[in-house]
Amino acid sequence: MTDRHHKALEAVAAAISAAPDATGAMESVVRLLPAHLPSYTWTGIYLLDSNELTLGPFVGKPSPHTRIPLGRGICGAAATEKTSIIVDDVNADPRYLACSIETKSEIVVPIMLDGDVLGELDIDSDKIAAFDASDRDLLERVAALLAPRLAAATQ
Ligand code: SME
């Protein structure tokens with residue numbers, strides 16, 4: 001990870017442990033990530049609700065995709081395949097569900113606990129190929145920190 005990514009992780013980790021509840025933890029994540037990483041144009045969290053992803057806290061323009069069935073979109077693919085997905089050019093990916101015409105690239109990282117998907121981190125950028133292994137490492141660590149908070153909230 002770059003220095004910038006390390007600083008983002010430090011800030012996010014501190015905020016998640018200080019957050020009073022899962023909602024507060026998620027709100028801190030979507031606020032702090034783009035504050036440290038300016039190429040993150042839209043930063044949001046989807047939560048899995050039976051077989052649909054429902055939009056939780058986000059920073060960026062309102063999205064028309066507030067509910068995404070598991071079989072649809074890059075979000076649905078990441079949750080179904082239980083793996084992070086980086087798309088360098090969303091317009092070249094037939095799975096892509098458009099959120100904004102300015103979006104050029106996207107990364108989706110599942111939030112999982114014990115192999116179960118609880119939700120996802122979804123980041124869009126107006127830059128082509130904005131996301132690399134540093135972003136995936138950072139976001140997978142953030143997802144691992146968020147997972148127990150989300151699991152505790154749904155018990
Ligand atoms: N692009 C996503 C949909 C969500 S918006 O990016 C906020 C997808 O293809 O699943």
Side-chain angles (χ1 to χ4, degrees), residues 1 4-5 8-9 11-12 15-16 19 22-113 115-147 149-151 153-154:
M1 287 198 289
R4 201 180 265 255
H5 288 81
L9 180 59
V12 167
I16 290 175
T23 302
M26 292 189 289
E27 286 171 351
S28 294
V29 168
V30 300
R31 178 173 53 80
L32 288 168
L33 287 173
H36 285 81
L37 299 156
S39 58
Y40 289 21
T41 312
W42 190 94
T43 304
I45 294 176
Y46 282 91
L47 297 169
L48 188 61
D49 177 10
S50 65
N51 59 351
E52 273 192 333
L53 294 157
T54 63
L55 183 57
F58 66 94
V59 169
K61 287 188 202 164
S63 167
H65 301 293
T66 55
R67 301 186 77 83
I68 302 176
L70 273 186
R72 299 206 55 219
I74 296 160
C75 287
T80 308
E81 294 164 24
K82 298 188 175 184
T83 189
S84 302
I85 297 180
I86 293 176
V87 178
D88 288 341
D89 178 1
V90 291
N91 293 308
D93 192 317
R95 298 171 298 183
Y96 175 63
L97 297 172
C99 214
S100 147
I101 52 162
E102 282 107 41
T103 297
K104 301 285 192 301
S105 57
E106 178 163 11
I107 182 169
V108 183
V109 173
I111 301 167
M112 294 193 287
L113 196 69
D116 293 327
V117 175
L118 306 175
E120 297 181 331
L121 290 161
D122 178 17
I123 324 286
D124 291 346
S125 181
D126 290 356
K127 286 201 317 193
I128 201 111
F131 306 106
D132 63 15
S134 285
D135 300 288
R136 193 183 56 231
D137 285 357
L138 165 66
L139 296 170
E140 288 181 353
R141 290 186 206 204
V142 172
L145 293 171
L146 266 179
R149 302 300 302 263
L150 298 192
T154 54

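Atoms within each ligand, like the ligands themselves, are counted from 1 in listed order. When a residue number appears, it is its place in the shown sequence, counting from 1. Values below: all heavy atoms of this structure, side chains included; hydrogens, waters and symmetry mates excluded.
At under 3.5 Å, not a single nitrogen or oxygen of Gly76, backbone or side chain, sits near a nitrogen or oxygen of ligand 1.
Not a single donor-acceptor pair under 3.5 Å links the side chain of Thr83 to the backbone N or O of Ala78.
The contact set between ligand 1 and Ser63, taken as ligand atoms under 4.0 Å from a residue heavy atom, comprises 7 (C). Every atom of ligand 1 with a heavy atom of Cys99 under 4.0 Å away is listed here by number and element: 5 (S), 6 (O), 7 (C). Close contacts between ligand 1 and Tyr96 involve ligand atoms 1 (N), 9 (O) [criterion: under 4.0 Å to a heavy atom]. Set against the non-hydrogen atoms of Tyr46, the atoms of ligand 1 under 4.0 Å away are 4 (C), 7 (C). Listed by number with element, the atoms of ligand 1 under 4.0 angstrom from any heavy atom of Asp122 are 4 (C), 5 (S), 6 (O), 7 (C).
Distance check, rounded to the nearest 0.5 Å: CG of Leu139 to CD1 of Ile107 gives 5.0 Å.
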Candidate pair Ser125 and Glu106, rule side chain to side chain donor-acceptor pair (under 3.5 Å), full reasoning = CA-CA 6 Å; Ser125 181; Glu106 178 163 11; over 6 Å; no

inquiry  = Determine whether Asp137 and His5 satisfy the following criterion, side chain to side chain donor-acceptor pair (under 3.5 Å), listing intermediate values before the conclusion.
reply    = CA-CA 9 Å; Asp137 285 357; His5 288 81; over 6 Å; no

key: Step-by-step side chain to side chain donor-acceptor pair (under 3.5 Å) determination, Tyr40 to Asp124   = CA-CA 6 Å; Tyr40 289 21; Asp124 291 346; over 6 Å; no

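Given atom 8 (C) of ligand 1, the protein heavy atom at minimum distance is Ile74 N, 3.3 Å.
With a 4.0 Å cut-off on non-hydrogen atoms, Arg72 does not touch ligand 1 at all. Neither the backbone nor the side chain of Phe58 has a heavy atom within less than 4.0 Å of ligand 1.
In this structure, Thr66 and Thr54 have side chains that are not in contact, with every pair of non-hydrogen atoms separated by 4.5 Å or more. By the 4.5 Å heavy-atom criterion applied to side chains, Val108 and Cys75 are counted as neighbours.
Summarising the geometry of Lys61 relative to Glu102, their closest heavy-atom pair is NZ-OE1, 2.5 Å, with the distance given to 0.1 Å.
When the options Ile85, Leu97, Asp124, Thr103 are ranked by their closest heavy atom to atom 9 (O) of ligand 1, first place goes to Leu97. Summarising the contacts of atom 2 (C) of ligand 1 with Arg95, Glu106, His65, the nearest heavy atom is found in Glu106.
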